[in-house]
Each structure stands twice: as structure tokens, then as C-alpha cells.
Amino acid sequence: MLEGLNDKQYEAATHVDGPLLIIAGAGSGKTRVLTQRIAYLIEEQEINPYNIMAITFTNKAAGEMRERVDSIVGFGAESIWVMTFHATCVRILRRYIDHIGYDNSFTIYDTDDMKSVMKGVFKKLQYDPKQIKESTILKEISNAKNELLGSNEFAAENAADFGKRKVVTAYQEYQETLRKNNALDFDDLIRLTVYLFKACPEILESYQKRFRYIMVDEYQDTNTAQFELIRLLAAKHENLCVVGDDDQSIYKFRGANIMNILNFEKVYHDAKVIKLEQNYRSTQCILDAANAVIANNTGRKQKALWTARTDNEPIHFHLYENGREEAAEIVDDICRRKRHGESDFSDCAILYRTNAQSREFEEAFVRENVPYHIVGGINFYARKEIKDLLAYLKTVDNAQDDLCVRRIINVPKRGIGATTITKLQDYADNMDLSFFEACNQAKNIPTLGKAADKVESFALMIRRYRTELSNKGILGLMSEIIENTGYVAEIKASGEEDAEDRIENIDEFLSKIQIYEEEHPEFNLSEFLEEVALVSDIDNMDSEVSRVLLMTIHSAKGLEFSRVYLSGMEDGVFPSYMTINSGKNEDMEEERRLAYVAITRAKDCLNISASRSRMVRGETQYNPVSRFVKEIPKEFLEGELPKTRIREDEIYNDNSRARSFFRENPYTSQPGEQRDNFIPRKVSVKTAEQNNAVSFAQMKKGVPQKSGALEYSVGDRVRHVKFGDGTVRSIEETPRDYQVSVAFDTVGNKIMYAAFAKLMKI
DNA sequence: CGTACTAGTCTTTTT
DNA sequence: GACTAGTACG
């Protein structure tokens, strides 16, 4: 079973009792060690799978580990808890949160919802958004929660601080709103679980007894609340195994405390420490570059990655004139490699510092008609139309959430405007009712006037949906709501450019519901809504289709690619101007760790690029090449320069022109110099559309595209991955794709887009 | 109450 | 440059 592990890995995988810290460098096979250890505990040590827990940060990591564990542990694998921090806490809270005064059917608020709540708080407290920003206060609240400070503790702590008074009051008001809406935000999930454990020792003890062996992945990213959660759970047996890499700690902005990993041995005195330094991913050259960059950081655990690989291609560096050229050349290079058979689209990933940088690439991909996929950005479930529909479901499920009810009360338009909503809210506040309860009593609110009827029928409609849920199911109800309210009809009628896209999103949402219902025959609306609340885009990344992936470096953590294009390597972009301006060394070190993560994503080939000028927020910037590039020793870099010739001083001479300009005046554009080369964005998209017949709407999605004729026609038997076999009833051609209607043998009639459904003729 | 236009903000990263 | 909230007007 443990074959193929190196000495260190073996030592880690066979450690049984007592605390263990595994310092796992990038690409050193830590997931493998973790899963092998689980298998070892079960099969060699005869530990009941029921007593094992593995915690990760992302659903993707959890899913991956689950899969690997399932494949090597035969019987009982399903009783191991393999979950994210958030999912773990939700599971515990759903069961016991009533012990600390919440309702077990709480809802979970995302960033958007938090913002809306804060807006309401500002209104109520009459804060001026120009004086303090909502986001600033939300950040302070989040920081406080990550430090386990509730609104009262926070108030006590800052009682003497006059400057914090507004934040203190806002926090209290915000928390009260959440409680009224029976809602928790992301940070509450962790914080309240810790609170629950401290308030109810018997509950904590039951979990301590159950989880005799605990494993935590990406330990360097834990914040104080998560640290405490783990500490409590592990306190009884101290069979705690944490895996992490201090050099890959990149989530300080989210409250991660790198000291949790650096001080592990101080907290757990008898902890065993194992370092995994052999890298199984990258070439020596890439590792040398990564080692050289990270060596500039202080206060890290010394380690140096090495590999047994002997092939060695240098790192390529390109300096381009502008962002557009950078994107075009990178896409071009990807196509060239593909033509030469050196690599496929799916071997390539483009990484950047900020999401906004994806745009130039997206345009280049559309122009060249190359399949691509952007990871991250706006979460599928955060899209307007999806959130609207979810708000309907949430209202049906549990109308305690005022936010949801208010979101949909006039969507689609029912003639219930802002004034009416304010009156309803006032009434609810005065009578201490929920917003929806106020709607139910619309008739009794004299100030409403004519609007009362409209509100009344809205409330009636929701109550009717409630009674229909049990026999129609989630999908049936959702379809009915869409039909009944005319939601899709309204989008169609709006004539907006992205109408078709939004409808397609809705279709996708419906099929997600369907899949859920198939997997959970005993459908449960609350459960479905919860599952949806905790997924992010990267979780849905399927690697079956061959396409180039684009993502931020943060999203790329934990992934690897044969060819990596690390773009936008300029001071002011990466490291970001925020970091440069803050002047704090610790901030720059975090940024450098991010550079380290970026470099170590590459397996075989790393291409680094920068651009002399770049459009940022509608303004042209001229930034020098990133200091992180300069930290890579010359001998590992090779500059191939397609259109411009690089001057060595632009990389290695600190007194270069660009740099001194940057010092004096970092972000002013120089008029006239580059502008002529720029083709305005909209024009270029139109041109692409005409030349390549790629529709504008396609930009959002990348892949689904009409590919000539379909391989099946009306009357043919076809197979669908989820729905099984069926007969094609009709095929309708739309501008972008074919809409195929199929009568499935088991699940009945379905209408779907051909590109999305991937039907096979049988 | 709904629409059309304007002004201001944003951009560092996300479970 | 893009999105959003706020305002004026029908």
C-alpha cells in the first residue's frame, strides 16, 4: 500500500498518535501522504473510519481527497468526514445551534447579502457612505469575527476608542439584523461553532470522542477562529496532523495567521515535524527560480525544493508593448504549441494577479476562436438572475429572510415600488414582525393605499407555492415560478444584449436542480439551498474539455499545469500598488509568497511576461518590470522577444528610466505615446464577430459553440450522461446553438442546448 | 411607480 | 472602462 513513497513521505504517512506537522513544499505530494495516512490508519492500525476527519479549505480539495480516499479505502470510507471548514461547521450548527439561541433552519449570507444588510444599517444609523465606506466596516467586522469577537466583545474591547464608535454600533446593528433574518455570514459559521463548543462542553465532548484522528490541509491559511476550532476538537486526543507550507500562505487579507503554522511546535510541545522537500512536479530550473525568489523573505522555515528530473528548459521572459499585444502573443504561442503537437489547450494555464486582467485575454481568445475557460470572477450563483430565482426558493423555504423577500417582491415588476417597501418595512419594525409577515398583513396597513392589493396577492402567491412544493418537487416548483411570474418572459422582452446568456444561465440552474433531485430522491429544499450557498466556481471545473484555463494566482493554488503563462509581471500590478504603497515588509512578503505559488504551478514550462504599458481603470500606466522577476537569477531566464527587443537594464538595472519615472509619478499616463496602437475594445470585438462568426454573447462562456451539423437528427436514439437514453423529438436552430428536445425513457421530456448536453447518438 | 440619464467608485486576492 | 446608486422627469 505504501509503495512508492519516499522516506519522508513514508514517515509522515505511518505516524499514528500525537501531533504531527508536515511542512510540505509545493508539489511534494502532500495530498498523497494525507490519503495514504488515512488508509494506513484504517487498514494497518484498525482504526474505525468513523473516527477520522479531514478538513480542507475548498470544496475542490475536499472532493479530490474524498475521491482518492474512496478509491484506496474500501469499506467504510463514506463515514470519514472529508469536508471544508465551512461545511463542517454548517453540519454541526444545523444540529445544535438552537443551544445558543438560533433557529436550526438558518440561512447563509454571501458577500452580496452582507453588503445589502450593511446598506440598511447605514440607512438606519444615518451614516454617510462618503465618510465611512460600507466595505471598510464589513472588513472590520470580518476581522473581529475571525478573532472570535462577537459584537459585544468587540464593543467592550473598543470602548475607549472614540474613532471606532461607528464601527462598534454598526457591528451591533448588523448582527441584530442577521439574527432577525435568522441568517449567518461566512465568518459566523466558524465563530459560532467555536462559541457553541465553549458554551456546551457536552456537545464538544461528543465530537471529541468521535474525531480521534484529525487532519487539516493548507494549515498555513487558518485564521484564529479556525485554529481555535481545531484546537478544541483535538484537545482530548491530540491526534492532530496538519499539513501546510508557510511559503504558500497567501490569505492574510482573509484573516489567515501564518503564526498558526510557525508556532505549531510551541502550542503542541511534543509535535513531530517532517519536511517534504522533494518536488515531483517541476523542472529544476523552475524550482531554482522559485527558491531564489522566496529566499528574499525572512522568518520562514528553511527549506529548499529539489527534483530528480533532469530535463531542463529555461524560463522564458517576454516584455511586450501593451496588454493587448501581451494577450495576443500568448494566445498565439498556445496555438503554435498545439499545432506542433507539443501541448494541448488543456495543458496551458494563464495566471494573473487580478481578475480584471482576464479581459484582454478573453478578447484574444474570442478573436482566435480558441476554447478557454475563466475560473472565478463572478460566481455562477452570484449572478443576478440566479440570485433572484434562489430568493424565490428561499422565500418559499423560509420567509424569515427579509433580504430575499424584498429582493423579489417587485421582480418581475408588480407595481410595488420603493415607497411601498419602505412602508412595509416600517410597519414590520414597529410591530416587531418579519418583512414577509408584514406583507401578509398588508390589508391592515392603512398607509399603503392601493398598493395593499398588490402586496396581498404577492404574499398569497408565495403561500400557494409553499403548498405546491411537496408534490411538485424543487424543479417543478421552480419551473412553475418562472412560468407564473413571467421571469424569463421579462428577460426576453427586455431586448438586452445579454438576455440569451441569462436565459442560458437559468437553464443551467434548472439542470443543476434536476441533478440534485436525482441524487437526492428525498428532496429537501433547505438542504439544496445550503449546498448552493457553499459552492464556488472553481469547484465546478471539469477537465474533460480541452480548453485553456485562466485564473488568478490565488485560484491556482493547489493546481498544476504543464505550461504556465504568468502575465502582467510589473511593479504596480504584481506586486500590487497597494502593497508597494503600504511600505510594510510583511505585506511585500505575502506578495512574494504569491509569486512563489505562481512559479511553482508550472510543471514543464514557465513563460513570464510583462508589458511596457497597460490600461488600468481606463488609464494607461507605465510600470517597470516586477521586482520578483528581477529576483530570478539571470541564468534561468531566457528572453525571446517577438516584437520588441529587451534592454537588459529594464530588467536588472534598478536605475532604469522606467523605474525612476515610477518613483516620481507612478500612475499618470503619458499622452500620445501609445494611444494610436490601441483599437478600442468594442470595435475590436465587432470585427472579430464579423470575421469569425463568433457571437458577442459567447464571450462570457468560451466553450459552448455551434460546431457545424449535429451527429443526430429527429427520431434518433441518443444518450445523455445524466438522463440516460431517449428519442430526439425536435431540433430547433438558434443563432448560437441547437435546442434539442428529447423524450427520455426514464425522466421524460427535456429541452436542452446541444453544446451543453453533449448527446451521443446510439 | 418606472425609465433614462448622470455621477461616482472601483480593483488585490475569496471560503 | 464598467458598473452601480442616485436623481430628474414622464
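Chain naming here is simple, since letters A, B, ... match the order of the sequence lines and numbering starts at 1 in each.
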### Query
Taking only residues two or more places apart in sequence, or in another chain, which ones meet A:Glu67 in a side chain to side chain contact (heavy atoms under 4.5 Å, CB included)?
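With sequence neighbours excluded, A:Glu67 shows a side chain to side chain contact (heavy atoms under 4.5 Å, CB included) to no residue whatsoever.
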#### Entry: Sequence-distant partners of A:Arg91, side chain to side chain contact (heavy atoms under 4.5 Å, CB included), two or more places apart
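If we apply the side chain to side chain contact (heavy atoms under 4.5 Å, CB included) test to A:Arg91, skipping adjacent residues, the hits are A:Trp81, A:Met83.
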### Query
On a whole-Å scale, what distance lies between the P atoms belonging to C:dT4 and B:dT13?
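Each nucleotide's P atom is 16 Å from the other's.
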Between atom [atom1] in [X] and atom [atom2] in [N], what is the gap in whole Å?
X: A:Leu189; N: B:dT15; atom1: CG; atom2: C1'; value: 10 Å
X: A:Asn59; N: B:dT14; atom1: CG; atom2: C1'; value: 12 Å
X: A:Ile250; N: B:dT15; atom1: CD1; atom2: P; value: 11 Å
X: A:Leu138; N: B:dT14; atom1: CG; atom2: C1'; value: 14 Å
X: A:Lys133; N: B:dG8; atom1: NZ; atom2: C1'; value: 12 Å
X: A:Glu134; N: B:dC10; atom1: CD; atom2: P; value: 10 Å
X: A:Lys60; N: B:dT15; atom1: NZ; atom2: P; value: 12 Å
X: A:Leu184; N: B:dT15; atom1: CG; atom2: C1'; value: 15 Å

### Task
Check DNA chain B against residues 253-261 of chain A and give the residues with a non-hydrogen atom under 4.0 Å, in numerical order.
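Residues of residues 253-261 of chain A that come under 4.0 Å of DNA chain B are, in numerical order, A:Phe253, A:Arg254.
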OP1 or OP2 of [N] under 4.0 Å from side-chain N/O of [X]:
X: A:Asn223; N: B:dT15; result: no
X: A:Thr552; N: B:dT14; result: yes
X: A:Asn146; N: B:dT15; result: no
X: A:Thr111; N: B:dT14; result: no
X: A:Lys454; N: B:dC1; result: no
X: A:Ser576; N: B:dT13; result: no

### Message
Checking A:Ser611 against A:Glu326: is there a side-chain donor and acceptor pair closer than 3.5 Å?
### Response
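No, no side-chain donor-acceptor pair sits under 3.5 Å.
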### Query
Is there a donor-acceptor contact under 3.5 Å linking the side chains of A:Tyr372 and A:Glu362?
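Short answer, yes.
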### Query
How close do A:Lys252 and A:Asp587 get, heavy atom to heavy atom, and via which atoms?
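Heavy atoms only, the tightest pair is NZ-OD1, 3.0 Å.
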Can you give me every donor-acceptor pair (side chain of residues 181-190 of chain A, partner residue at least two apart or in another chain, under 3.5 Å) with its distance?
from	atom 1	to	atom 2	distance (Å)
A:Asn181	ND2	A:Tyr109	OH	3.0
A:Asp185	OD1	A:Lys145	NZ	3.4
A:Asp185	OD1	A:Asp187	N	3.2
A:Asp185	OD1	A:Asp188	N	2.8
A:Asp185	OD2	A:Lys145	NZ	2.7
A:Asp185	OD2	A:Tyr174	OH	2.9
A:Asp187	OD2	A:Ser142	OG	2.9
A:Asp188	OD1	A:Lys145	NZ	3.0
A:Asp188	OD1	A:Arg191	NH1	2.4
A:Asp188	OD2	A:Lys145	NZ	3.2
A:Asp188	OD2	A:Gln175	NE2	3.2
A:Asp188	OD2	A:Asp185	N	3.4

#### Entry: A:Ser626 side chain vs A:Phe574 backbone, donor-acceptor pair below 3.5 Å
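Side chain of A:Ser626 to backbone of A:Phe574, a donor-acceptor pair under 3.5 Å: yes, one is there.
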### Task
Keeping the roles fixed (side chain from A:Asp113, backbone from A:Asp110), state whether a donor-acceptor pair exists under 3.5 Å.
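Between the backbone of A:Asp110 and the side chain of A:Asp113 there is a qualifying donor-acceptor contact (under 3.5 Å).
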Candidate nucleotides [options], ranked by approach to the side chain of [X] - the nearest:
X: A:Ala356; options: B:dG2, B:dT11, B:dT13; answer: B:dT11
X: A:Asn410; options: B:dG2, B:dT14, B:dT15; answer: B:dG2
X: A:Met615; options: B:dT13, B:dC1, C:dG1; answer: C:dG1
X: A:Thr419; options: B:dG2, B:dT13, B:dC1; answer: B:dC1

### Query
Is any side-chain N or O of A:His554 under 3.5 Å from a base N or O of B:dT14, one able to act as donor and the other as acceptor?
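By the distance-only test, no, there is no pair.
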### Task
Report the residue (A:Leu594 or A:Ala451) whose heavy-atom-nearest nucleotide on DNA chain B is the more 5′ of the two.
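Comparing both residues, the 5'-ward one is A:Ala451.
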### Query
Between A:Lys413 and A:Arg617, who's closer to the 5' end of DNA chain B by nearest nucleotide?
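Result: A:Lys413.
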### Message
What contact category does A:Thr420 fall into here, base, sugar-phosphate, or nothing, at under 4.0 angstrom with non-hydrogen atoms?
### Response
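Sugar-phosphate contact only - A:Thr420 comes under 4.0 Å of backbone atoms but never of a base.
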### Query
Hey, does A:Asn355 reach any base, or is it just sugar-phosphate, or nothing, if we go heavy atoms under 4.0 Å?
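Sugar-phosphate only.
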### Message
A:Lys443: which residues meet the salt bridge (charged side-chain N to carboxylate O under 4.0 Å, His left out) condition with it, sequence neighbours left out?
### Response
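For A:Lys443 the salt bridge (charged side-chain N to carboxylate O under 4.0 Å, His left out) partners, ignoring immediate neighbours, are A:Glu456.
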Pull out every protein N or O sitting under 3.5 Å from an N or O of nucleotides 4-10 of chain C, one pair per line with the distance.
from	atom 1	to	atom 2	distance (Å)
C:dA5	OP1	A:Lys119	NZ	2.9

### Query
Given A:Glu218 and A:Lys30, is the side-chain contact (heavy atoms from CB on, under 4.5 Å) satisfied, shown in steps?
CA-CA 10 Å; A:Glu218 306 279 15; A:Lys30 66 173 171 129; 3.3 Å; yes
### Query
Quick check, are the ring centers of A:Tyr195 and A:Phe197 under 6.0 angstrom apart?
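Not close enough - the centres of the two rings lie 6.0 Å or further apart.
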